[in-house]
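Accompanying notes for the structure given below.
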Amino acid sequence: MTIQAEPYVSSNVLADGQLIIENAHKSVNYVCEIKTGITLDSFEQVAEYFTNLRQRLKPGQRALLVTRNLSGLVVEQLLKKNIEFIDIGGNIYLNSPEIYVFVRNEVSKQDINKSLVLTAAALQVMYALLQQPEILSLHNDYDEKIADISGVTPKTVKNTIKKLEELNYIRHKREGYEIVDYVKLLERWELGYAEELRAKLLLGTFSPIGKRNFWDVADGIRQDKNLYGYLIGGELAASIMTEYLHPISVTLHVKKNINERQILVDLKLKPDAEGSVVLLQCFGQDNKLNNNFGRWENNLAHPLLIHAELVWSGNSRLRETAQRIYDQYIIKIAQKNAHF
């Protein structure tokens with residue numbers, strides 16, 4: 001491999017670099033673009049970018065994605081779109097008439113299948129690890145601390161840690177454990193959140209009574225937040241944190257000792273499967289946004305829960321906002337993990 005230019009500039013393209021890959025007989029001219037933090041919810045934006053980049057390249061040039069560690073789920077999507085890539089974890093896909101290379105660094109299919117049986121309790125433990133990855137480095141009492149955050153027993157924590165280690169999501173070190181790949185663990189948790197955990201936490205979906213609209217409800221939610229102590233999540237929280245989205249729905253995370261029926265009466269809501277207000281049960285001791293993130297009050301849900309709700313919706317309208325939540329907040333948590 002030979003770097004020809006860094007950055008690469010032409011009449012139609014501004015990219016991060018130009019790379020020539022050669023074998024004994026042929027060579028391929030790649031225009032490289034560096035993209036980091038690629039997750040399933042941001043994948044379509046990346047795919048669209050590379051589709052446009054290909055159209056602007058000169059004859060004989062090919063587009064190449066250079067990135068950090070890719071999860072197995074993202075690799076699958078890149079292969080389907082035939083986007084050539086190299087990541088620092090050892091995954092390589094080059095597919096030109098001149099050179100073909102495919103190297104995949106992942107857990108076995110047997111391990112992938114085993115990971116799909118994670119219970120709601122195990123997913124709550126994974127949430128705690130994602131929220132405070134530094135806890136794993138504690139030599140003593142890490143299981144007690146994780147149990148408090150996740151709302152499960154220390155025994156469940158130990159069993160989940162063992163399972164996650166078997167699946168290569170975490171690994172043992174001299175003192176405690178560490179997450180092998182934060183993004184990979186995040187994607188597995190969000191998949192489990194959509195498949196298992198959210199259904200367990202769901203209290204109901206509702207809409208305003210009469211001619212009241214969503215913003216009438218949103219105003220009431222903000223007025224009553226201290227009275228009932230619920231946490232604001234979903235689109236409304238994302239709009240507050242990013243100052244970008246125009247929300248049309250909200251998720252309220254309700255504490256266990258609160259009567260949700262009284263909330264419905266005060267906000268004048270009725271059951272509606274297609275409603276704009278979702279109530280979810282809080283779990284554990286820490287579902288809220290930490291003040292370390294900035295100026296927001298403690299009535300917002302944690303960014304992990306907000307991001308998971310946006311991704312769960314599958315709505316393309318929310319994809320860019322989900323990426324903003326990831327870039328502005330979640331990546332700061334991930335950086336606490338030494339091997340992100």
Side-chain angles (χ1 to χ4, degrees), residues 41 127 131 151 190 193-194 196-291 293-326 328-330:
D41 58 287
Y127 167 81
Q131 192 205 95
E190 289 191 335
Y193 178 87
E196 181 75 21
L197 184 56
R198 191 180 188 275
K200 176 190 174 184
L201 302 175
L202 183 64
L203 297 173
T205 306
F206 308 89
S207 63
I209 294 174
K211 297 182 179 180
R212 300 168 68 246
N213 59 34
F214 172 74
W215 282 105
D216 293 328
V217 177
D219 289 340
I221 287 172
R222 290 181 174 178
Q223 292 173 10
D224 290 351
K225 65 180 184 294
N226 295 325
L227 177 63
Y228 294 108
Y230 48 65
L231 301 174
I232 301 173
E235 288 189 35
L236 182 58
S239 72
I240 294 171
M241 293 173 67
T242 63
E243 299 179 344
Y244 175 75
L245 177 70
H246 181 75
I248 59 174
S249 70
V250 63
T251 300
L252 299 181
H253 299 264
V254 181
K255 297 179 182 179
K256 291 183 178 180
N257 60 344
I258 298 298
N259 183 351
E260 66 267 20
R261 292 186 178 183
Q262 191 60 49
I263 296 175
L264 300 178
V265 171
D266 283 0
L267 294 178
K268 299 179 182 178
L269 298 173
K270 63 181 180 180
D272 182 353
E274 303 298 324
S276 59
V277 181
V278 176
L279 266 59
L280 297 180
Q281 186 79 67
C282 285
F283 61 90
Q285 301 298 320
D286 203 350
N287 292 177
K288 65 185 179 181
L289 176 70
N290 191 298
N291 271 332
F293 285 110
R295 63 186 183 277
W296 313 116
E297 299 177 9
N298 279 342
N299 65 307
L300 296 183
H302 195 277
L304 287 168
L305 295 172
I306 296 171
H307 189 268
E309 276 289 283
L310 298 180
V311 173
W312 172 86
S313 72
N315 191 326
S316 59
R317 182 179 66 88
L318 303 178
R319 188 176 296 126
E320 187 172 349
T321 304
Q323 186 63 38
R324 286 173 180 252
I325 293 290
Y326 178 88
Q328 294 177 24
Y329 301 98
I330 296 178

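Computed over heavy atoms, backbone and side chain alike; hydrogens, waters and symmetry mates excluded.
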Minimum heavy-atom distance A238-I325, with the two atoms named: CA-CD1, 4.2 Å

Side chain proximity check, S276 to P247, heavy atoms < 4.5 angstrom: no

Minimum heavy-atom distance between N213 and P208, given as atom pair plus value: O-CG, 4.0 Å

Residue pair Y230, I221: steps toward the side-chain contact (heavy atoms from CB on, under 4.5 Å) verdict: CA-CA 9 Å; Y230 48 65; I221 287 172; 3.8 Å; yes

Mutual orientation of the aromatic rings belonging to F283 and Y127 [parallel < 30°, tilted 30-60°, perpendicular > 60°]: perpendicular

Approximate separation, where rounding is to 0.5 Å, of L310 CG and S249 OG: 8.5 Å

Residue pairs involving residues 245-257 (criterion salt bridge (charged side-chain N to carboxylate O under 4.0 Å, His left out); sequence neighbours excluded): none

Pairwise side-chain contact, E274 with T205, heavy-atom cut-off 4.5 Å (strictly under): no

Summary of salt bridge (charged side-chain N to carboxylate O under 4.0 Å, His left out) pairs that have at least one residue in residues 203-214, sequence neighbours excluded: none

Interatomic spacing from CG in L236 to NE2 in H246 - rounded to 0.5 Å: 11.0 Å

Listed partners of E190 passing salt bridge (charged side-chain N to carboxylate O under 4.0 Å, His left out), at least two apart: none

Steps toward side-chain contact (heavy atoms from CB on, under 4.5 Å) verdict (R198, V278): CA-CA 11 Å; R198 191 180 188 275; V278 176; 3.5 Å; yes

F206 and L264, any side-chain heavy atoms less than 4.5 Å apart: yes

Step-by-step side-chain contact (heavy atoms from CB on, under 4.5 Å) determination, Y244 to E320: CA-CA 10 Å; Y244 175 75; E320 187 172 349; 3.0 Å; yes

side-chain contact (heavy atoms from CB on, under 4.5 Å) partner of L280, the single match among L305, L231, T251: T251

Note, Y193 side chain near E309 side chain (heavy atom, < 4.5 Å): yes

Straight-line distance of R324 CZ to L318 CG, nearest 0.5 Å: 13.0 Å

Candidate pair Y228 and E260, rule side-chain hydrogen bond (donor to acceptor under 3.5 Å, both in side chains), full reasoning: CA-CA 9 Å; Y228 294 108; E260 66 267 20; over 6 Å; no

K270 side chain near S207 side chain, heavy-atom distance below 4.5 Å: yes

Separation of L245 CG from T321 OG1 (nearest 0.5 Å): 4.0 Å

pair L267-V277: side-chain heavy atoms closer than 4.5 Å: no

Rounded distance [0.5 Å steps], CD1 in I330 versus CD1 in I306: 9.0 Å

Pair D219-Q223, side-chain donor/acceptor within less than 3.5 Å: no

Gap between atom NE2 of H253 and atom CG of N299 - 0.5 Å precision: 12.0 Å

